[in-house]
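Working notes, beginning with the structure itself.
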Amino acid sequence: MLTVPNILTILRLAAAPGVVIMFLYFNRPAADWFALILFVAAALTDFIDGYLARRWKQESKLGAMLDPIADKAMVVIALLVITGFSGMDPWILLPATMIMFREVFVSGLREFLGDTAGTLKVTQLAKWKTTAQMVAIAILFAKGAFQHYAGVDALSTFVTWWVGIVGLWIAAFLTLMTGWDYFQKARPFLKGPTA
């Protein structure tokens with residue numbers, strides 16, 4: 001079970017709470033830089049572990065189960081941190097809430113469907129959604145790092161902030177689209193009385 005792809009997935013899962021730990025044990029901007037580096041490194045493993053699993057024919061049930069959990073943990077925890085250090089800015093709070101709602105909703109839907117959850121296979125749109133989320137979050141972490149760095153002017157920080165926010169809203173839109181798509185696929189299994 002401990003293949004290289006699975007180890008990368010486990011490391012990504014462990015990195016999710018590590019983002020919070022950076023802000024508990026380090027002062028800013030060091031915390032921002034460490035969180036950014038940790039998040040980007042963990043996000044890259046999301047692409048590498050899947051590629052290696054397919055190339056080396058090491059796809060497993062453990063990996064299939066842990067991969068979406070690691071993705072969701074990374075995104076949700078990072079959004080909580082960003083929402084906190086942004087002072088509950090509504091431009092971040094609203095898309096973050098939409099993303100977290102969808103992640104909880106789809107997880108609950110998969111749990112309810114049980115053995116028939118295979119109908120909710122990961123789509124290409126869902127992969128774009130995850131990529132958009134991770135890119136937007138990385139940009140917002142970068143803004144936190146840049147704003148405390150004397151070599152970066154206020155305009156660069158302002159542009160980074162708004163690029164991150166636009167990216168987060170795009171990610172939220174894609175997230176809701178995939179959530180609706182999964183709900184539509186699950187509807188036939190939600191009809192009728194419970195057993």
Side-chain angles (χ1 to χ4, degrees), residues 6-50 65-107 126-176 179:
N6 284 350
I7 290 170
L8 289 174
T9 303
I10 291 167
L11 289 174
R12 186 164 78 259
L13 185 59
V19 171
V20 176
I21 292 169
M22 296 301 115
F23 287 90
L24 292 177
Y25 290 98
F26 297 99
N27 294 322
R28 300 180 77 181
D32 296 275
W33 280 110
F34 290 147
L36 173 62
I37 292 166
L38 181 63
F39 185 85
V40 170
L44 289 174
T45 67
D46 185 31
F47 302 99
I48 296 169
D49 62 8
M65 183 267 294
L66 285 179
D67 189 68
I69 294 172
D71 291 346
K72 287 173 175 53
M74 274 186 58
V75 168
V76 168
I77 291 172
L79 285 175
L80 287 172
V81 170
I82 289 170
T83 302
F85 76 58
S86 70
M88 304 298 280
D89 187 316
W91 285 103
I92 289 180
L93 185 60
L94 289 173
T97 300
M98 288 188 275
I99 290 169
M100 287 189 259
F101 173 82
R102 180 269 186 199
E103 300 298 5
V104 172
F105 178 79
V106 171
S107 296
K127 292 178 182 178
W128 293 344
K129 173 267 300 182
T130 301
T131 302
Q133 288 175 349
M134 293 188 177
V135 168
I137 289 169
I139 292 170
L140 290 171
F141 273 135
K143 180 265 176 188
F146 294 161
Q147 79 180 62
H148 295 93
Y149 184 58
V152 178
D153 61 25
L155 178 62
S156 298
T157 304
F158 177 81
V159 169
T160 305
W161 176 248
W162 283 103
V163 168
I165 286 177
V166 169
L168 193 63
W169 277 93
I170 292 170
F173 179 69
L174 292 174
T175 301
L176 292 180

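Bear in mind the structure is a predicted one, so any value in this text is a computation, not a measurement.
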Cut-off 3.5 Å, no hydrogens considered: what does the side-chain donor-acceptor table look like for residues 9-21, sequence neighbours left out?
| residue | atom | partner | partner atom | Å |
| --- | --- | --- | --- | --- |
| T9 | OG1 | P5 | O | 3.0 |
| T9 | OG1 | D49 | OD2 | 2.7 |
| R12 | NE | D71 | OD1 | 3.1 |
| R12 | NH1 | T45 | OG1 | 3.3 |
| R12 | NH1 | D49 | OD2 | 2.7 |
| R12 | NH2 | D46 | OD1 | 3.3 |
| R12 | NH2 | D67 | OD1 | 2.5 |
| R12 | NH2 | D71 | OD1 | 3.2 |

Name all residues meeting the side-chain contact (heavy atoms from CB on, under 4.5 Å) criterion together with [X]; count only those two or more places apart in sequence or in a different chain, and write none if there are none.
{"X": "V166", "result": "I170"}
{"X": "F23", "result": "R28, A31, D32, A35, V81, F85, F141"}
{"X": "T131", "result": "F47, V135"}

Could you tell me which residues satisfy ring pair (Phe, Tyr, Trp, His ring centres under 6.0 Å) with F173, sequence neighbours excluded, listed by chain and number? none

Can you tell me how far the CD1 atom of I139 sits from the CG atom of L36, to the nearest 0.5 Å? 10.5 Å

In this structure, CD1 of I92 is separated from CD1 of I165 (nearest 0.5 Å) by 5.0 Å

Determine which pairs satisfy salt bridge (Lys or Arg N to Asp or Glu O under 4.0 Å) with at least one residue from residues 128-141, sequence neighbours left out, and list them in order. E103-K129

Any pair counted as side-chain hydrogen bond (donor to acceptor under 3.5 Å, both in side chains), so long as it reaches residues 15-26, sequence neighbours left out: none

Can you pull out every side-chain hydrogen bond (donor to acceptor under 3.5 Å, both in side chains) where at least one residue sits in residues 79-102? Sequence neighbours excluded, please. R102-T178

Exactly one of L44, L140, I137, I77 should register a side-chain contact (heavy atoms from CB on, under 4.5 Å) with F39. Which one does? I137

So M98 and W169, do their side chains get closer than 4.5 Å, heavy atoms only? yes

Shortest non-hydrogen contact between [X] and [Y], atoms and distance:
{"X": "A138", "Y": "V40", "answer": "CB-CG2, 4.0 Å"}
{"X": "A136", "Y": "G164", "answer": "CB-O, 3.9 Å"}
{"X": "L168", "Y": "P95", "answer": "CD2-CG, 3.7 Å"}

Excluding sequence neighbours, so at least two apart, what forms side chain to side chain donor-acceptor pair (under 3.5 Å) with T175? Q133

